Every structure is written in structure tokens, then in C-alpha cells.
Amino acid sequence: MTSQHHDTLLLDGWVSPAIPSRRIEVVSPVTERIIGSVPEATETDVDRAVATARRAVDAPGGWASLLPELWAAALERLADSLDKRSSAMAEAVSSQNGMPIMVARRSEARLPAALLRYYAGFARRTPIEEDRPGLAGGTTRVRREGLGVVAAIVPWNYPQCLAFFKLAPALAAGCSVVIKPSPEAVLDSYVLAEAVLEAALPDGVVTIVPAGREVGAYLVSHPGVDKVSFTGSTAAGKAIGEVCGRLLRPVTLELGGKSAAIVLDNADLAAHTAQLFGACLVNNGQTCYISTRILAPRSRYQEVVDTISDLARSLRVGDPLDPKTQIGPVVTRAQRDRIQHAIATARRDGARLTAGGGTPAGLDHGWFVEPTVFADVDNSSSLAQEEVFGPVLAVVPYGDVDEAVALANDSRYGLGGTVWSSDQERAVAVARRMRTGSVGINGFMIDPAAPFGGVKDSGLGRELGPEALGSYQQVKSIYL
Ligand code: NAD
């Protein structure tokens with residue numbers, strides 16, 4: 001990607017930032033060089049973004065009062081504008097966070113437009129008012145209204161997809177959205193801003209405030225915000241949840257995970273290596289739902305360890321912009337150091353290293369980590385309990401299925417999970433027993449038409465599907 005420097009913020013159309021000298025610099029995880037910079041939004045800029053977003057929904061004839069047909073048309077225009085920029089979007093994301101370009105083309109470049117069209121369809125089809133016969137006679141008109149101004153706080157790992165998990169249903173509910181991207185991945189938000197302007201969304205319906213956590217915290221507690229939707233770490237999610245609790249402000253939290261893959265004794269893993277890669281290692285292990293704890297039956301233990309280790313060793317590690325790359329660098333030096341620390345701790349805890357563990361040959365520059373597998377991992381050890389957010393897998397042995405389910409559920413998290421079996425219904429029976437928000441059978445692929453989210457420390461509420469639309473609406477009863 002050519003170097004990108006921006007001087008304005010999308011607050012009320014393009015405007016100059018309150019303090020132009022405050023900048024965010026984005027560093028390439030491959031070259032370790034600065035590849036772009038943008039103004040860092042300050043509290044004054046957030047005030048302006050929220051004020052514009054408020055006007056957009058509150059003004060007579062504003063976004064909230066439009067006919068759903070007009071919301072749908074605007075969402076479809078934005079989808080078309082994003083489609084025109086799909087290559088630029090994929091490249092912007094890959095070059096900032098190390099996501100392999102083939103993943104970025106599927107997710108960051110395509111899913112946002114698909115989500116906009118999906119929710120546009122809902123807006124068109126679903127009446128916002130419904131008359132119900134009253135229990136004691138009469139009629140009640142039940143009306144669904146947008147909550148108002150939404151603060152959408154997104155992380156760097158899938159910056160566009162995760163923004164659109166929020167943006168698409170919120171806009172289709174008649175809300176305006178202030179997006180706060182993560183400082184590690186902000187350049188892509190300028191591609192989005194251009195698409196928003198080209199699609200001629202009314203001013204303030206989408207505003208963008210690139211900034212770090214302090215300004216994010218200011219936005220969360222801003223009196224002009226009606227709902228907060230956050231994706232990120234459990235620690236930050238808890239802090240945000242506390243603030244929203246105190247303010248009685250609706251909040252959706254999509255947080256961390258340490259999901260389990262339960263390999264049943266009749267699994268055919270060799271036939272599913274592509275799905276295994278997608279479910280356990282996609283995006284360099286920087287994916288919240290991936291199954292990074294592989295629970296293997298003792299009856300086939302060594303075979304499972306060998307399959308997973310061979311898979312890790314076979315992966316092509318390199319430049320994320322090369323279409324053949326399967327594993328790119330992780331996002332920052334700090335993240336690379338955290339992953340190396342997790343690997344060293346697992347070794348000290350007595351886990352058996354069966355693949356990787358170091359820096360890939362010839363890639364001493366940039367934040368690369370070898371795809372790594374540990375066998376004989378104790379489920380209570382930190383490798384099995386803590387999220388690594390890198391290409392590191394732990395294999396844990398189990399005796400019978402009851403023990404496998406107990407081990408899977410012995411986690412503070414509950415976001416994803418997978419079951420591997422040649423008998424689908426047997427796998428579904430195991431999936432029903434897992435305390436988690438979603439489970440994949442012989443693979444894991446998020447379905448935008450179905451709800452996604454976590455239990456326990458993995459979060460609160462659901463994104464995607466019709467359920468997400470409801471989370472940006474309140475219902476009002478008008479007794480006729
Ligand atoms: P992070 O929590 O540090 O940051 C996420 C975003 O929140 C960033 O934009 C950051 O600036 C902002 N932020 C942080 N603290 C804040 C606060 N107190 N108030 C307001 N904003 C704040 O997480 P990260 O390192 O950027 O992302 C990695 C984490 O995100 C991992 O734990 C991962 O599992 C999780 N994640 C979860 C999902 C999901 O859907 N459940 C998806 C992707 C990532």
C-alpha cells in the first residue's frame with residue numbers, strides 16, 4: 001500500500017481536527033515502518049461528532065423519522081460505494097494488521113456490503129408498527145423505534161467487519177453511529193468515510209473518531225450517546241459495562257474467547273484440514289471465536305496431535321499482501337512479545353511443543369510468529385485458559401465425551417467452539433451441551449443471518465441476524 005496521510009476527520013462532513021498536531025501513526029507489521037497517519041480525535045472532536053449524530057436523528061425530517069424504505073435505499077447506496085472500493089479496503093486492512101489478503105478480500109472487502117444489503121432487506125420488509133388486540137379489549141399499537149445515537153467501538157483484528165456488525169443493523173433501525181476505530185487500524189476507516197460521502201448519507205448519520213482508549217472512554221460516557229456497542233478485550237468490556245450500568249445505557253459487548261474444539265472419536269480430521277485451519281488459526285490466530293483448545297480423545301490422541309502439528313508446519317507464513325500467504329505477521333511488536341511470553345510460559349508449565357515455537361526462518365524482520373502447537377496441555381494451565389490472540393494451539397487429552405464437555409465448559413469464556421465428527425447429529429448433541437454462544441460442526445463459519453455473541457466473560461447480547469436489529473430499537477406501546 002502506498003503511504004497514506006490524512007488531515008481531516010469525518011465529523012460534520014470533512015472537518016479539521018481540534019488539535020491538528022495530535023496524530024496517530026500506523027506501523028507496518030511487515031516492514032516496521034510508518035505507512036500512514038491520521039489526526040487523533042480529541043474530546044472536542046467527540047463532542048462535535050456526537051452533536052452532529054444527535055442532529056442527524058433528532059432533527060424534524062432527520063434520519064430517525066425517514067421511511068424504512070429510505071433507510072434501505074441509503075444502505076444499498078453505501079453497499080455499492082463499498083463494492084467499488086473493495087480492493088483498497090482489503091489492502092488497507094492487510095497492510096495494517098497483517099491479515100492475509102485472501103482473508104481480507106472475503107471478510108473486510110465483501111462482508112460489510114453484504115450486511116448492509118441484508119439489513120436493508122429487513123428494513124423494507126418489516127413494518128415498524130403492529131396493531132395487537134388488547135387482552136381486555138381495545139387495541140395496542142406496538143412501535144419499534146431506533147435508540148438514537150450509537151457509539152460503536154471496534155478493535156483492529158477485523159476492523160471493517162466488526163464495525164459493520166454494528167453499523168448495518170443500527171442504521172437499518174434508524175440510529176446514527178459514531179465509530180471509534182482502534183489506533184492500530186485506522187487507515188481503512190478513511191476508505192469507509194469516502195464511501196459514506198459518495199453514498200450521500202445525511203451529515204452525521206456516520207461519523208468517525210480515530211482515537212485510543214481514553215477518548216473511547218469519553219465517548220462511552222458521553223451524555224449524547226444512547227447505546228454503546230463494543231468489540232474488544234474482556235478487560236475493556238467490563239470497564240465499559242460498568243459505566244453503562246451506572247448510566248442505565250444499553251450496551252452490547254463482544255469480548256474475548258478461548259474456545260474448544262471437541263474432536264470426537266469418529267472424526268475425520270484429515271478430510272477437514274482446510275476447515276480446521278479456518279476454525280483454529282484464521283487471521284494469524286487474531287480471531288475472537290477460534291477454537292484454540294483442541295480436546296482430543298485418548299483413543300486417537302497421537303493421531304490428532306500429528307494432524308494438527310502437520311497442519312501448523314505446512315502453513316505458508318509471509319507477506320500478508322501475497323495471495324499465497326496463509327499466516328501473516330501479528331499486529332504489533334507488543335502483541336508478538338505477548339505471544340512469545342505465552343509460548344515460554346507453556347514450555348515452563350510442562351506442555352510438549354510439537355510444532356513451531358519460534359520465529360519463522362528468514363522472517364526476522366516484522367512481527368512474525370511460527371504457527372505453534374503444544375500437546376499434553378493441562379486444561380487448568382494458562383495456555384488453556386488465557387486468550388493468546390496468535391497462531392498458538394493447545395491439545396488437551398480426554399477420556400469420554402462427558403469429560404470432553406466438562407473440559408470445554410471449564411473456561412471463563414464462552415464465545416465459539418467446534419465439534420468434529422463424521423456423525424452430524426452426534427456432534428449437534430455435544431454442541432447442545434457446550435456453554436457458549438456459537439458452535440460449528442466440522443468447521444466454523446459465522447452466518448450473518450444468525451445471532452453471534454458470547455456468554456460468561458465473552459460478552460453480553462448478540463450481533464447479526466434479526467436479533468441485532470432489535471438491539472438498536474426500543475419498543476413503545478400506544479394504547480388505542
Ligand atoms: P481492546 O479492548 O484493547 O480495544 C478494543 C477497542 O476498544 C479499541 O478501539 C480501543 O481503543 C477501545 N477501548 C479500549 N478500552 C476502552 C475503554 N475503557 N473505553 C472505550 N474504549 C476502549 O482490544 P484489542 O486489543 O484492540 O482487541 C483484541 C481483543 O478483542 C481480544 O481480546 C479479542 O478476543 C477481542 N475480540 C472480540 C470479538 C468478539 O466478537 N467477541 C471480536 C474481535 C476481537
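A quick note: this is a predicted structure, and the numbers were derived from the prediction, not measured. Order of appearance sets the numbers: ligands from 1, and atoms from 1 within every ligand.
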Problem set entry | Winner among F389, F230, F165 once heavy atoms are compared against atom 7 (O) of ligand 1 | F230
Exercise. Hey, is L255 touching ligand 1 through its side chain, its backbone, both or neither, going by heavy atoms under 4.0 Å?
Worked result: backbone
Problem set entry | ligand 1 versus E463: contacting region, heavy-atom distance under 4.0 Å | neither
Problem set entry | Within 6.0 Å of NE2 in H341, more than 12 heavy atoms from elsewhere | no
Problem set entry | Nearest protein heavy atom with distance in Å, relative to atom 1 (P) of ligand 1 | S233 OG, 3.6 Å
Problem set entry | Exceeds 12 heavy-atom contacts within 6.0 angstrom, atom CZ of R23 | yes
Problem set entry | Side chains of T231 and K166, donor plus acceptor under 3.5 Å | yes
Problem set entry | Residues forming a side chain to side chain donor-acceptor pair (under 3.5 Å) with D457, sequence neighbours excluded | K238, R412
Problem set entry | Per-atom contacts of ligand 1 with C288, taking only distances under 4.0 Å to non-hydrogen atoms | 34 (O), 36 (N), 37 (C), 38 (C), 39 (C), 40 (O), 41 (N), 42 (C), 43 (C), 44 (C)
Exercise. Mind checking what makes ring pair (Phe, Tyr, Trp, His ring centres under 6.0 Å) contact with Y289, not counting sequence neighbours?
Worked result: F444
Exercise. Starting from atom 11 (O) of ligand 1, which protein heavy atom do you reach first, and at what distance in Å?
Worked result: K180 NZ, 2.9 Å
Exercise. What part of V154 sits under 4.0 Å from ligand 1 if we count only heavy atoms: the side chain, the backbone, both or neither?
Worked result: backbone
